[in-house]
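For reference, the structure discussed in these notes is given below.
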Amino acid sequence: MTVRTRFAPSPTGFLHVGGARTALFCYLQARANNGVFILRIEDTDLERSTPESVQAILDGMHWLGLEHDEGPFYQSQRFERYAQVTHDLIGQGKAYHCYCSKERLEALREGQMKQGIKPRYDGLCRERSDIPHGIKPVVRFRNPDSGDVVFDDKVRGRISISNEELDDLVIARPDGSPTYNFTVVVDDIDMAVTMVIRGDDHINNTPRQINIYRALDAQLPEFAHVPMILGEDGARLSKRHGAVGVMQYRDDGYLPQALLNYLVRLGWSHGDEEIFSLEEMIARFDIGAVNRKAAAFSLEKLDWLNQHYLRTLPAREVASHLEWHFKQAGLDPELGPPLSDLVTVQADRVKTLREMTQVSRVFYADFERFDDEAAKKHLRPVVELPLRTLAGRLAEVDVWEPQRLAETVHVTAEELELNMGKIAQPLRVALTGTAVSPSIDKTLWLVGRDRSLARIDRALGYIAARTAAQA
RNA sequence: GCUCCCUUCGUCUAGCGGUCCAGGACGCGGCCCUCUCAAGGCUGAAACACGAGUUCGAUUCUCGUAGGGAGCGCCA
């Protein structure tokens with residue numbers, strides 16, 4: 001039988017890391033088995049669902065590269081189907097109209113809590129013969145009264161709960177709109193889903209859903225409840241506490257490969273391996289090996305992975321992502337070295353593409369002024385001769401490439417009997433305005449000949465001006 | 001309150017009764033390399049929540065305790 005999984009978010013916000021990981025696991029499980037990955041939008045709550053959220057989820061999935069095979073299906077477009085099933089259930093006596101007021105339900109619940117028992121509907125309307133007028137009823141599913149619901153969760157193992165803990169849940173509101181626990185079951189049956197992979201906050205819903213499957217004479221799918229993801233401090237992620245959409249990670253300069261790799265290792269491992277390409281994940285992933293414990297998100301480890309991918313992915317590929325950040329920063333890639341060259345030198349110096357953009361600005365646009373401290377320390381009269389000598393040599397370099405440039409600087413240093421620090425640092429400040437940049441040969445290479453010579457000139461002018469001012 | 005679930009270094013994890021005075025990774029400390037900052041190499045500190053069982057032997061099995069989470073909606 002074909003493996004069919006689905007990711008079924010409700011569009012009430014962006015796609016956050018927890019959802020993204022669940023989606024990844026669903027995707028992997030399908031791909032690993034040559035199966036089908038379905039995307040379903042659970043928008044039965046018309047109040048809270050928004051088109052923007054739907055788009056945000058689609059964007060996030062696309063950016064991560066988690067392409068679905070079927071869908072997206074929208075529950076809001078399937079109301080007729082749910083109504084049909086509800087109708088059938090009522091006809092078979094497996095569901096019934098309930099006229100109880102919210103007030104009565106509230107009082108019932110309070111009373112039960114007070115008695116120290118679990119609040120549940122008492123079934124008053126199950127056998128009701130009188131039909132109160134003027135009240136639009138809800139429809140309740142008639143849950144079995146006794147016995148246990150037992151299922152073998154792929155990640156949690158056997159879970160058992162007594163039907164006495166469950167009650168008759170509402171499956172349709174007075175206006176006929178269906179509720180979650182009912183729609184998931186109908187959809188998963190209709191879409192022939194074979195494995196339901198979702199957050200473990202749904203564990204408690206599973207038994208009642210299983211009862212609905214049975215009432216519908218449908219075959220049960222397998223269930224796999226994955227733990228949630230906690231914030232850096234181990235506390236639950238919430239809107240006001242660290243919960244950000246995956247697109248925010250793009251904005252912050254992370255590569256989708258890095259996020260995916262980070263996410264797959266959160267709650268799952270394969271021996272001592274840390275690095276997984278999507279292909280490797282597909283080959284190795286095993287839903288049964290997923291941990292049961294909630295895991296805290298670590299931005300530091302994501303940083304490490306991101307740098308790993310900045311360094312190991314083909315420079316061209318990284319460059320294409322970098323280009324987006326350049327545009328965001330208002331930098332024109334055409335005004336400096338090819339981005340793939342830039343990537344080869346900056347990749348092991350930064351953690352993110354955003355950072356790479358920031359530290360590379362100087363190769364694409366002139367800097368405003370010298371960093372005070374750096375200038376004070378390195379742009380002094382003693383460096384005039386070295387800089388001038390260097391400028392002369394650099395003007396003559398035949399091929400402007402790192403090795404030649406390194407030789408040029410070294411030879412000059414030797415001639416002037418200076419150690420590298422004495423010549424490289426002033427040059428660095430002249431070229432970039434700061435005391436920190438890639439190795440001096442690479443810096444020269446990226447800045448380019450014309451720009452390098454002009455900047456050395458500018459630095460010499462700066463030294464002269466300052467000397468004059470002090471005199 | 002009731003039900004279900006979870007518990008190995010700061011964090012992510014390996015471990016599926018002896019191979020564990022617990023392995024890897026991130027982070028952190030030290031050393032090396034070095035034109036700055038990184039990167040890299042070597043190296044160090046750092047954990048089985050607690051208590052009873054079962055067993056010749058428990059990180060690994062069972063049961064309690066403590067701590068944590070989720071659910072108990074006409075939200076999903």
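Order of the sequence lines sets the chain letters (A, B, ...), proteins ahead of strands, with each chain counted from 1.
- When each of B:rU11, B:rA39, B:rU3 is scored by its nearest atom to the side-chain atoms of A:Ser298, the top-ranked nucleotide is B:rU11.
- Contacts of A:Ala295 with the nucleic acid, taken as non-hydrogen atoms under 4.0 Å apart, involve only primed sugar atoms and P, OP1 or OP2.
- Within the 4.0 angstrom heavy-atom criterion, base atoms lie near A:His202.
- The side chain of A:Arg265 approaches B:rC12 more closely than any other nucleotide in the set B:rA39, B:rC74, B:rC12.
- Within 4.0 Å of A:Ser439, counting heavy atoms only, lies at least one base atom of the nucleic acid.
- One C1' atom belongs to B:rC2, the other to B:rU59, and the distance between them is 33 Å to the nearest Å.
- Set against B:rC35, B:rU8, B:rC74, the side chain of A:Ile440 has B:rC35 as its closest nucleotide.
- Nearer the 5' end of RNA chain B, as judged by each residue's closest nucleotide, is the contact made by A:Phe297, out of A:Phe297 and A:Val138.
- For B:rC42 and B:rC50, the C1' atoms lie 39 Å apart once the distance is rounded to whole Å.
- Residue A:Ser160 is in sugar-phosphate contact alone, with no base atom involved, counting any heavy-atom pair closer than 4.0 Å across all strands shown.
- Comparing the C1' positions of B:rC31 and B:rA14 gives an interatomic distance of 29 Å, to the nearest angstrom.
- Comparing A:Leu266 and A:Thr179, the nucleotide of RNA chain B nearest to each residue sits closer to the 5' end for A:Leu266.
- With hydrogens and angles ignored, the 3.5 Å screen pairs a side-chain donor or acceptor of A:Asp168 with a backbone N or O of A:Asn143.
- Taking the C1' atoms as reference points, B:rA22 lies 13 Å from B:rA58, given to the whole Å.
- Using atom P as the reference point in both B:rG44 and B:rC63, the two lie 41 Å apart (nearest Å).
- Considering only side-chain N and O atoms, A:Arg428 lies nowhere under 4.0 angstrom from the phosphate OP1 or OP2 of B:rC35.
- Proximity note for A:Met420 (side chain, C-beta onward) versus B:rA39, B:rC74, B:rC35: the nearest is B:rC35.
- Within the structure, every side-chain polar atom (N or O) of A:Asn291 is placed at least 4.0 Å from both OP1 and OP2 of B:rU7.
- Non-hydrogen atoms lying under 4.0 Å from RNA chain B are contributed by A:Asp348, A:Arg349, A:Lys351, all within residues 347-362 of chain A.
- With sequence neighbours left out, the salt bridge (charged side-chain N to carboxylate O under 4.0 Å, His left out) criterion links A:Asp43 to no other residue.
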Given protein heavy atoms under 4.0 Å, the one-letter contact record of nucleotides 43-49 of chain B, with B base, S sugar-phosphate only and - none, is simply -------
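- Taking the P atoms as reference points, B:rG10 lies 9 Å from B:rC48, given to the whole Å.
- For the P atoms, the distance linking B:rC16 with B:rG23 amounts to 14 Å, nearest Å.
- Atom name P, nucleotides B:rU3 and B:rU8: the rounded distance is 25 Å, in whole Å.
- With B:rA76, B:rU3, B:rC35 as the choices, the nucleotide that has an atom nearest any side-chain atom of A:Ser10 turns out to be B:rA76.
- Under 4.0 Å is where a charged nitrogen must lie from a carboxylate oxygen, and between A:Asp190 and A:Arg40 no such pair does.
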